[in-house]
Every structure is written in structure tokens, then in C-alpha cells.
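Structure first, then comments.
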Amino acid sequence: MNSSLLSGLNPEQRQAVTLPHQSALILAGAGSGKTRVLTTRIAYLISSGAVSPHGILAVTFTNKAAKEMVTRLTAMLPINTRGMWIGTFHGLCNRMLRAHFREANLPQTFQILDSGDQLSAIKRLMKAMNVDDEKFPPREVQSFISGSKEQGLRASEVEAYDPYTRRKVEIFAEYDAQCQREGVVDFSELLLRCYELLSRNAALREHYQERFKHILVDEFQDTNKLQYQWLKLLAGNNNALFAVGDDDQSIYAFRGANVGNMQELTRDFHVQNVIKLEQNYRSHGNILDAANALISNNRNRLGKNLWTSESGGEQLRVYEAETDVDEAKFIVEEIQQLKRDGVNLTEMALLYRSNAQSRVLEHALVSAGLSYRVYGGLRFFERQEIKHALAYLRLMENTDDDNALLRIINFPTRGIGTRSIEQLQEAAKMNSTTLFDAAARAGGKVSAFVGLIESLRSATRELPLPEIMDHVLDHSGLIAHYQNETGAKKRESEERLENLNELVNAATMFVHEAEDDSLTAFLTHASLEAGEHQAGDSEDALHLMTVHSAKGLEFHTVFITGLEEGLFPHQNSQREDGGLDEERRLMYVALTRARRRLYLSFAQRRMLHGQVSYGMVSSFLRELPEGLLHWITPRFSARKTFDTSSFETNSYVNAFASGAPEKTQPLPHAVWRIGQRVFHQKFGEGVITGIEGSGADARVQVNFKRAGSKWLALEYAKLTAV
DNA sequence: CGCACGTGGTTTTTT
DNA sequence: ACCACGTGCG
């Protein structure tokens with residue numbers, strides 16, 4: 001065994017890595033070497049002879065994490081990881097379903113619907129079922145279906161107590177039937193189908209249980225119910241489930257993640273002692289102390305306190321801006337100074353709670369000539385032109401795929417209008433056939449389209465993937481379509497052409513790298529790894545992203561922006577149960593991204609949804625110990641509760657711009673205006689965000705820190721200015 | 001068919 | 001403010 005594997009590990013890490021064959025829960029704090037432990041554990045198991053690479057199943061959430069694991073593993077061990085089962089839940093389920101497509105009752109070349117494809121499939125179905133999409137918004141139906149599947153439930157198993165839900169269940173059932181007819185599966189179906197395959201087929205289940213002696217899971221706190229059931233099934237009675245996670249970083253409950261799985265795991269797998277990795281190798285002391293103080297306000301934690309052997313380092317820098325624009329200006333100045341001090345732009349990140357906040361920041365960065373990259377935009381394989389190109393390939397692979405057919409039957413336009421398509425759909429329904437079969441029986445332009453697909457298929461049958469791609473782009477008319485674009489759309493089309501060219505490159509790369517270089521494999525890759533294909537990493541550029549997408553990353557300097565009540569924590573989170581705790585974990589994630597320097601900023605007013613909104617400083621900022629903070633602007637300058645004079649000198653340009661007459665001030669000494677901080681006996685502290693009416697009818701809208709937004713009649717409500 | 005205009009909505013996101 | 005989407009017209 002390679003003993004150098006263990007060198008440099010702290011006692012807890014070492015304990016985790018060298019555990020005997022037993023299930024374990026590793027509570028791994030931010031920056032505590034989680035990925036290192038996971039990969040070293042695998043390397044340890046293999047090199048000590050406990051298990052062969054063949055017997056390992058390692059599961060992650062993102063392709064990036066899976067790739068990272070493989071990279072680190074190959075650096076540690078001279079083994080071929082190709083035969084190993086390391087991947088995302090979806091990737092691994094796909095792999096099993098491909099291997100056992102018959103048992104899973106799927107066509108060999110089943111295609112995967114991404115969320116966009118799924119939504120259009122649902123819309124199409126609802127139209128066919130005559131469902132009112134006002135009463136049943138397709139997006140809601142979509143999340144109902146995915147949500148149910150992620151709970152492990154089929155339509156027949158969902159409990160519906162009201163007509164509304166019953167109707168959604170009907171749509172759910174029809175939707176699954178439609179997918180089955182068309183030979184496609186959506187993301188959650190990959191998991192559910194795989195789960196059902198294993199639970200119904202004892203021979204297969206036993207085969208895999210026999211094989212995967214060690215199952216390792218990353219980011220376990222993010223697993224949903226179905227994923228946990230799937231893991232339990234594979235673990236059986238004898239295999240070791242090694243789960244690594246951090247309940248304090250659970251920020252995806254809104255999409256079905258169930259932190260409760262951590263407690264369930266300790267029960268179900270009789271985990272005696274949870275190993276805690278609490279030494280943080282990332283951040284300076286003050287940053288960690290702030291993070292610890294913040295998260296200690298959450299209840300129901302498994303309990304864990306990060307520490308570091310590093311010194312305290314700098315205090316956290318706090319900046320109160322008058323407006324969002326000023327906030328951005330300040331950040332830009334700081335970045336320029338940091339740059340002069342020798343910090344690379346790549347080592348800095350600007351974090352925000354919601355994507356809309358990036359605009360102002362971007363604007364300031366552009367004016368200052370600073371290069372940046374916004375993460376989480378439109379992904380390569382989700383671009384319209386790419387989806388069109390892939391739809392041709394999909395239809396060639398599987399003519400049952402009505403979704404693909406509808407996408408391209410008239411793109412580029414070939415004179416097949418809405419009417420012809422409707423007729424086609426009627427004919428298909430009448431004869432219970434696919435659209436493609438119906439089209440084959442039609443005449444004129446429609447059958448010409450069928451001919452096109454068939455000729456594409458026969459012409460490319462023997463070709464390698466990149467050449468198939470080339471041929472299809474050419475002969476489908478896609479290239480010509482974008483080349484012919486002139487005028488306003490010219491630029492856009494040029495970019496699309498570049499992307500199509502890039503698609504051929506992607507196919508070439510894929511053929512070189514993948515074990516299986518078939519067209520089906522490439523299409524799967526496109527659905528499952530839509531985001532992986534992004535260019536332009538090399539440039540020294542700032543990182544702009546939401547706090548969510550920052551999870552797992554670290555930077556020398558981090559700016560957490562928009563620390564205002566209602567924004568972060570977000571307004572909508574207050575309605576949901578446990579919403580505020582999740583927001584706090586989000587803030588915890590944000591804080592722990594920084595290694596050396598952390599900026600926390602907020603603005604007194606900002607543009608939101610097209611109008612000026614006035615916010616109060618985030619309660620999260622107040623939860624940080626004063627001693628760790630360095631206020632760049634005077635502490636709560638304009639809002640000290642005992643000093644309104646400085647507040648009143650602020651120029652609130654549009655305070656009465658909405659046309660409310662001056663006499664909306666019933667109390668002689670109180671000047672009610674937007675932005676005014678007030679106190680209410682019952683609701684507590686708040687800020688006026690709107691004024692309406694006059695005299696006895698005057699009402700003000702107050703955004704209360706605790707109670708949320710309320711309209712109050714000034715005649716009755718006892719408000720005091722603070 | 002494609003454009004122009006109107007409407008609604010607007011937390012977070014991976015697969 | 002801004003964007004995506006849908007409808008109605010030329």
C-alpha cells in the first residue's frame with residue numbers, strides 16, 4: 001500500500017480515509033478537505049487491496065465534481081479509471097439503463113429530455129388534452145411531475161385530495177405515457193426508472209450489490225428522497241455507504257434536497273460515530289469566526305464548529321452605499337486597488353443573491369475596463385441553434401421523438417405551417433402512430449421532410465461522428481439559414497454559425513475522449529453535460545455569480561453584495577417554512593468562500609423591478625460580531641435610530657414622484673416619506689416603501705423587518721419615526 | 001411567415 | 001428595467 005497517501009492528513013481525515021468496511025457519515029465543514037478525503041478514501045481502498053476499482057461506486061451531483069474526483073484519483077494512483085463507476089446520479093443511472101434497456105422497458109437509443117424539452121413536451125401534451133394553461137401553468141405542472149418523481153412517486157402513487165391535484169396527476173400519467181411512446185426520458189425519470197429497475201429485478205439488484213462493495217457519495221446533504229432510496233437499494237445489507245456532507249451548506253431544499261437524509265443515514269446504516277472534519281484549511285480566523293457566529297443562529301444543526309490554525313487575518317470590510325450604483329462603484333475601486341496590490345482578477349469573486357443584481361455590477365466593470373465572467377448563463381448545449389442541430393440527429397436516431405420532429409419540421413422554414421402540423425398531429429392521433437409515421441404518409445412538403453431525414457440517415461450511416469455532424473448541418477439547411485440572415489440579425493447569426501462550428505469541434509473532442517463514440521452517446525453527453533462545454537477560462541477575469549453557484553469554490557477575495565433585508569435574505573424565503581434558515585446557510589456558504597479578504601456591502605436604495613426600492617441592512621450583517629467588522633462607511637451612517645438629522649439631509653429624489661400630494665402628512669412633526677424608517681408597536685422596525693392617498697385616507701406601505709410588507713392607514717396605525 | 005407590439009413576471013439550479 | 005412569450009397584423 002502506498003503510505004504516502006495518508007501523509008499530510010489530520011487525524012480525523014485519516015480516520016475517515018482508513019475506516020474499515022462500514023458505513024459512515026463524514027460531516028465535512030467548508031474548506032475542510034472534503035474532496036481530498038473522498039478521493040483518498042477511494043485510493044486507499046484500492047491500494048490496500050480491500051476492493052478493486054471495479055467494486056467502487058462514487059456519486060456526485062455535478063459533472064464538474066465527478067471530473068475533479070477522477071483527475072485527483074489518477075494523480076494518486078496509476079490506475080485506469082475508465083472502468084470505474086464515478087459520476088453523477090444521472091450519469092450513473094443512464095449507464096445502468098443503457099446496459100439494461102430491455103429490462104427497463106426502454107428503446108436502446110432512448111433520448112434524454114432536458115428541462116426545456118420537458119416543458120415543451122408538457123405544453124404539447126396539455127394542448128392535446130385540452131387543459132387550460134391559465135389554470136394549470138405548464139411550469140407548475142412540470143415541477144409537480146419532477147417533484148413527485150424525486151419523491152419516488154409515480155402518478156398512480158401521488159395522493160390527490162382535491163380536483164386540482166387530481167387533474168395534475170392525470171396530466172402526469174399522460175405525460176409518462178407520452179414519453180414512453182416517444183422513447184424519451186426526463187432527468188428525474190432517469191433516476192426513478194433506474195430505481196424501479198433495481199427494485200423489481202432481483203437478479204440485477206443482486207448483481208450490482210455484489211459488485212459495489214463501497215459506495216461513496218459527495219455533497220450528501222443535497223440528496224433528495226429518491227436518490228437516497230437508490231443508494232439504499234444498491235448498498236443492500238452488506239455494502240459500505242460512505243457519505244460526505246455538510247448540513248450547514250444545504251441550500252437546495254427548494255428543489256427537493258432533503259437534509260434529513262443525513263439523520264436517516266445514521267439510523268438506517270447504524271452509523272456509530274459521525275466523523276467531523278472541522279479544521280478549515282481555507283480561510284483566515286476572522287472569516288471563520290464570522291461564519292460560525294452566523295450559522296450558530298440556526299437551529300436543528302448536526303453541530304460542528306470550524307477552526308483554523310491560521311491567524312485572525314483582516315477584519316471583514318463593511319460598506320454602506322447610498323445606491324446600488326454607488327455600491328458597484330466602490331467595489332470597482334477596491335478591485336482596482338487589489339489588482340495593483342498583485343491579486344489576480346481570477347482570485348476575486350462578486351457574489352449576489354439573485355441574477356438580476358449582476359447588471360449594475362457588470363455595467364460598472366465594463367466602464368472601468370475590468371474583464372469578468374458571469375457564471376450560470378445560457379449553456380452551450382442549450383442554445384437554440386445547437387438544440388436545432390441536435391434535434392435533427394435525435395430524429396435520425398429515433399423517429400418516435402415527436403419533440404425533436406416538431407422542433408425542426410419547419411426550421412429552417414420549408415413551408416410547413418401551423419395548419420399542416422395540426423393535421424399531422426390529428427392523423428397521428430387517429431392512427432396511433434408517431435408524427436414521423438404520419439408524415440411519411442402525407443404528401444408534398446411534409447413527405448419531403450421525411451425524405452430529408454431519411455437521406456440524412458442513409459448518407460451518414462457509415463460516417464464518424466464529426467462528419468455526421470458536418471453533413472447534417474450542411475444538408476439540413478441550418479448553415480444556409482444563418483448565412484442568409486441579414487440586417488439586424490446578422491451579428492446574432494454569425495455567432496450562431498460559430499456555435500455550430502463549435503459543435504463539430506465538440507463532436508471531434510468527444511470522439512477522442514469518450515469510450516463510446518456513438519451518436520447516441522454524444523446526444524446523451526449533450527443532455528447530461530450541457531454546461532461543461534464553456535470556453536474562455538484562461539483569461540484573467542473576475543468571477544461574477546450567485547451565491548448558489550459559488551458553492552464549492554474559493555477565492556482570495558470575495559465581495560458579498562446586496563446585503564439588504566428582502567434581498568438577502570430574500571423576501572420570498574420568509575413565507576416558506578425554514579426558509580430563513582436556508583438563507584442563512586446560503587450566507588454561510590458565501591462567507592466561507594473567502595480565503596483572505598471579505599467585503600460585505602449593502603445599499604440604502606436600489607432599482608428593483610423597474611422602480612426604486614428602499615431596503616434595510618440585512619439581519620445577517622447584524623448577526624456578525626461587531627469586533628470582526630471594519631466599517632468603511634460609518635456604522636449605519638444614515639440610519640442610527642437616535643439620529644434622524646443626517647437621514648433627513650439625504651436627497652430622496654423621487655420620494656413624492658408618484659404624485660402623492662404634500663398633505664399626506666397627517667402628523668405635524670412626522671414627515672412620512674419613502675425611505676423613512678419607522679417603528680410600529682406590533683410589527684416592529686420597518687421602512688416606508690410607498691405612500692397612497694391623502695388626509696384621513698392616507699396609507700403607507702411599510703416593509704417590516706420581521707412582519708414583511710404591510711399597508712397601514714396613517715389615521716389608525718401608531719407609527720413612530722426612528 | 002415574420003415582425004411589432006403588448007403582457008406578465010421577476011430567488012436560488014443541476015441533471 | 002428587462003426579458004420571454006404570445007397574439008395579431010401586414
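For the numbers below, each heavy atom of this structure counts, side chains included, while hydrogens, waters and symmetry mates do not. Chain letters run A, B, ... following the sequence lines, proteins first and then strands; every chain starts at 1.
Across C/dG6 and B/dT11, the matching C1' atoms stand 25 Å from one another, rounded to whole Å. Only the C1' atoms considered, B/dT14 is 23 Å distant from C/dC3, to the nearest whole Å.
Between A/F254 and B/dT11, no base-stacking contact is recorded for ring centres under 5.5 Å apart and planes less than 30° from parallel. Stacking between A/H570 and B/dT11 is present: the aromatic ring centre lies within less than 5.5 angstrom of the base six-membered ring centre, and the two planes differ by under 30 degrees.
Closest-nucleotide positions on DNA chain B for A/A356 and A/R414 were compared, and the one nearer the 5' end corresponds to A/R414.
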Please walk me through it: do A/S618 and A/E564 pass side chain to side chain contact (heavy atoms under 4.5 Å, CB included)?
CA-CA 4 Å; A/S618 167; A/E564 292 134 49; 5.6 Å; no

May I have the step-by-step check of side chain to side chain contact (heavy atoms under 4.5 Å, CB included) for A/V374 and A/M545, ending in yes or no?
CA-CA 6 Å; A/V374 184; A/M545 62 187 93; over 6 Å; no

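As rounded to whole Å, 16 Å separates atom C1' of B/dT13 from atom CZ of A/R585. Summarising the geometry, the separation between CD on A/Q118 and P on B/dT13 is reported as 18 Å, rounded to the nearest angstrom. Computed from coordinates, the A/Y252 OH to B/dT15 P distance equals 10 Å when rounded to whole Å. Straight-line distance from the CZ atom of A/R359 to the P atom of C/dC3: 5 Å, rounded to whole Å. Atom CD1 in A/I251 sits roughly 13 Å away from atom P in B/dT12 (whole-Å rounding). With rounding to whole Å, A/L119 atom CG is found 9 Å from C/dC5 atom P. With rounding to whole Å, A/L580 atom CG is found 15 Å from B/dT12 atom C1'. Atom CG of A/D581 is separated from atom C1' of B/dT12 by 16 Å (rounded to the nearest Å).
Cation-pi geometry between A/R585 and A/Y588 is not met: the NZ or CZ atom fails to fall both under 6.0 Å from the ring centre and inside 45° of the normal. Annotation: cation-pi pair A/R373/A/Y375 present, NZ/CZ under 6.0 Å from the ring centroid and within 45° of its normal.
The side chain of A/T62 approaches B/dT14 more closely than any other nucleotide in the set C/dA1, B/dT14, B/dT12. The side chain of A/N572 has B/dT11 as its nearest neighbour among B/dT11, B/dT15, B/dT12. Distances from the side chain of A/T546 to the nucleotides B/dT13, C/dA1, B/dG2 place B/dT13 closest. Closest approach to the A/R379 side chain among B/dT14, B/dG2, B/dT12 is made by B/dT14 (side chain taken as heavy atoms from C-beta onward). Ranking B/dG2, C/dC2, C/dA1 by closeness to the A/T413 side chain, first place goes to B/dG2. When distances run from any side-chain atom of A/S354 to the nucleotides B/dT12, B/dG2, B/dT15, the shortest one goes to B/dT12. Residue A/K123 places its side chain closer to C/dG6 than to any other of B/dT13, C/dG6, B/dT15.
At a threshold of 4.0 angstrom between heavy atoms, the contacts of A/L351 with the nucleic acid are absent. Looking at heavy-atom distances under 4.0 Å, A/N410 makes contact with sugar-phosphate atoms alone, never a base.
A/F89 has its ring centre less than 6.0 Å from the ring centre of A/F61. A ring-centre distance under 6.0 Å is found for A/F254 and A/H548. Between A/F510 and A/H525, the ring center distance clears the sub-6.0 Å criterion. With ring centers used as reference points, A/H543 lies 6.0 Å or more from A/F559.
Ion pairing between a basic and an acidic side chain is recognised when a charged N comes within 4.0 Å of a carboxylate O; A/K64 and A/E529 show no such pairing. No salt bridge links A/D133 with A/K123; every basic N to acidic carboxylate O contact stays at or beyond 4.0 Å.
The shortest distance between the side-chain N/O atoms of A/N355 and the OP1/OP2 oxygens of B/dT13 is below 4.0 Å.
Of all the residues in residues 129-147 of chain A, not one reaches under 4.0 Å from DNA chain B with any non-hydrogen atom. Within residues 89-99 of chain A, the residues approached by DNA chain B to less than 4.0 Å at the level of any non-hydrogen atom are A/H90, in residue-number order.
Judged by atom type and distance alone, A/S115 reaches the base of B/dT15 through a side-chain donor-acceptor pair under 3.5 Å.
For A/N398 and A/Q111, the side-chain atoms include no donor-acceptor pair closer than 3.5 Å.
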